[in-house]
Amino acid sequence: MTGSKEILNKMKGKVGLGSSASDTGKGKSKVDKHVTHGYHTVEGKSPHAMEDYAFAQFKQVDDNELGLFAIFDGHMSREVPDYLRANLFDNILNEPDFWTATETAIRRAYRKTDDKILEKSVDLGKGGSTAVTAILINCQKLIVANVGDSRAVICRNGIAKQLSVDHEPSAEKELIENRGGFVSNFPGDVARVDGQLAVARAFGDKSLKRHLSSEPDVSVEVIDDDAEFVILASDGIWKVLSNQEAVDCIKDVKDARSAAKRLNEEAVARRSTDDISSIIIKFK
């Protein structure tokens, strides 16, 4: 049994899929041999099964190479993040104006994917998932989109810059109330939509959808000589590490997969109890 599990994990690593209690993988661009990626996942100490999924791979599309990277962090669900892992990038790339109006195409694909998840709620369950995605086009341009509190950070000359937006209920309180919902810090000390969900935007969550958004924030970053690496990680990292602390933790680790593992280990050492997933994209 152990041998078959090891074989399965090796196969998943080759195609860039991570979802076991602890999983890892890596890859390299064919356009630029200096551009590499690595990912690592760690199951948290919560009583539920692992709900994080990592996706990382380079893909040739006609005359272009795309680096496709994502962290999907489920809540009350393993099915929704798994569905996203299997479908979201295909939905984005199938948008007819992906190459001519990329940001618009990504926003539309996010909405269509959420609609499909809601239609399949009988099969996928009542839970949901956050997502942060990054598409690297020919190692020259990076498009980041996100809903929820997984985060993307780029390091330029040793300095951390956040590329995504943390969608916190307290920051979107007025929007949530305008949809008929409310934001409450009870139970606990974290602001939650309708006293339940600690993020203001997510895929799925059919029972809360009237008060939630799946509209992503999208940013575009040119990858030039100053760009060193990008971190994509679930909130299991960001609950215990600032952007700059995360960058400083791995800036001297040359191998991308080793850097992802090192970052996760630091979060565990700082007593993060959540599921933890990270992807590192190295440019040098």
Side-chain angles (χ1 to χ4, degrees), residues 12 16-21 23 39 41-44 46-56 68-92 106-135 144-152 164-169 172 176 181 190 192-194 196-218 232-239 272-279:
K12 287 164 64 181
L17 303 178
S19 63
S20 69
D23 212 341
Y39 71 85
T41 67
V42 176
E43 186 171 356
S46 301
H48 59 70
M50 179 69 159
E51 294 177 332
D52 277 13
Y53 287 84
F55 185 102
L68 304 174
F69 309 99
I71 299 290
F72 303 117
D73 183 357
H75 40 266
M76 295 193 304
S77 174
R78 298 179 69 187
E79 290 78 14
V80 173
D82 193 31
Y83 179 86
L84 288 167
R85 181 183 63 170
N87 294 280
L88 182 55
F89 280 120
D90 284 343
N91 293 347
I92 291 172
I106 290 173
R107 292 180 192 279
R108 190 186 306 117
Y110 263 61
R111 289 193 294 269
K112 287 181 178 179
T113 303
D114 191 41
D115 289 343
K116 186 62 68 173
I117 288 170
L118 297 176
E119 289 175 14
K120 292 178 173 289
S121 61
V122 172
D123 298 319
L124 298 178
K126 64 180 182 179
S129 179
T130 68
V132 60
T133 60
I135 300 177
V144 171
N146 83 295
V147 293
D149 55 3
S150 291
R151 189 183 300 173
S164 57
V165 176
D166 293 349
H167 295 131
E168 300 175 350
E172 302 195 16
I176 293 164
V190 177
R192 296 177 183 273
V193 178
D194 296 353
Q196 299 180 54
L197 188 61
V199 289
R201 304 189 193 187
F203 288 99
D205 295 294
K206 187 171 185 177
S207 64
L208 296 173
K209 196 82 257 182
R210 288 181 301 159
H211 308 152
L212 284 178
S213 170
S214 59
E215 181 71 21
D217 276 286
V218 182
L232 270 66
S234 59
D235 65 331
I237 293 287
W238 309 116
K239 285 177 179 176
S272 177
T273 59
D274 202 351
D275 295 335
I276 302 171
S277 296
S278 63
I279 300 170

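Quick note: numbers below take in every heavy atom, side chains included, and nothing from hydrogens, waters or symmetry partners.
- Defined by atom type and a distance below 3.5 Å, a donor-acceptor pair is present between the side-chain atoms of Ser214 and Asp114.
- Taking each heavy atom of Ser277 and Met50 in turn, the nearest pair found is OG-CE, 4.0 Å.
- Looking only at side-chain heavy atoms (C-beta outward), Ile237 and Arg151 stay at 4.5 Å or farther from each other.
- Taking the side chain to side chain donor-acceptor pair (under 3.5 Å) definition, one finds that Ser129 meets it with nothing, sequence neighbours left out.
- Taken to the nearest 0.5 Å, the CG atom of Leu84 stands 8.5 Å off from the OH atom of Tyr110.
- Looking only at distances, a side-chain donor or acceptor of Ser164 sits under 3.5 Å from a matching main-chain atom of Ala152.
- Lys112 has its side chain out of reach of Asn91: every pair of non-hydrogen atoms, C-beta onward, lies at least 4.5 Å apart.
- Rounding to the nearest 0.5 Å gives a distance of 9.5 Å between OG1 of Thr113 and CG of Asp90.
- Qualifying side chain to side chain donor-acceptor pair (under 3.5 Å) partners for Ser77, counting only residues two or more places apart in sequence or in other chains: none.
- The minimum heavy-atom distance linking Ala233 with Trp238 is given by the pair O-NE1, 3.0 Å.
- Here the CG atom belonging to Asn87 is positioned 8.0 Å from the CD1 atom belonging to Ile117, to the nearest 0.5 angstrom.
- Inter-residue side-chain proximity for His167 and Asp217 is flagged as met; some heavy-atom pair is nearer than 4.5 Å.
- A distance of 9.5 Å separates CZ in Arg201 from CD1 in Ile176, rounded to the nearest 0.5 Å.
- Residue pairs meeting the salt bridge (Lys or Arg N to Asp or Glu O under 4.0 Å) criterion with at least one partner in residues 119-131, sequence neighbours excluded, are Lys116-Glu119.
- Of all heavy-atom pairs between Pro81 and Gly74, the closest is CG-CA, 3.8 Å.
- Put simply, CG on Asp52 and OG1 on Thr130 are 7.5 Å apart, with the number rounded to the nearest 0.5 Å.
- Sorted by first and then second residue, the ring pair (Phe, Tyr, Trp, His ring centres under 6.0 Å) pairs with a member in residues 72-92 read Phe55-Phe89; sequence neighbours excluded.
- Annotation: side chain to side chain donor-acceptor pair (under 3.5 Å) contacts of Ser272 (sequence neighbours excluded): none.
- Val80 and Gly127 make their closest contact through CG2-O, 3.7 Å (heavy atoms, listed as atom of the first residue, atom of the second, distance).
- Ile279 contributes atom CD1, which lies 10.0 Å from atom OG1 of Thr41 (distance to the nearest 0.5 angstrom).
- Of all heavy-atom pairs spanning Gln196 and Leu208, the tightest one is NE2-CD2, 3.6 Å.
- No donor-acceptor contact under 3.5 angstrom links the side chains of Asp73 and Ser234, judged on distance only.
- In this structure the side chain of Asp82 never reaches within 4.5 angstrom of the side chain of Arg78, judged on heavy atoms.
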Report task. Begin from the C-alpha positions of Leu118 and Lys209 and carry the test side chain to side chain contact (heavy atoms under 4.5 Å, CB included) through to its verdict. Result -> CA-CA 9 Å; Leu118 297 176; Lys209 196 82 257 182; 3.6 Å; yes
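- Contact check for Ile135 versus Ile106: side-chain heavy atoms found under the 4.5 Å cut-off.
- Scored by the side chain to side chain donor-acceptor pair (under 3.5 Å) test, Arg192 finds no partners at all (sequence neighbours excluded).
- When every heavy atom of Leu212 is checked against every heavy atom of Val193, the shortest pair comes out as CD2-CG2, 4.0 Å.
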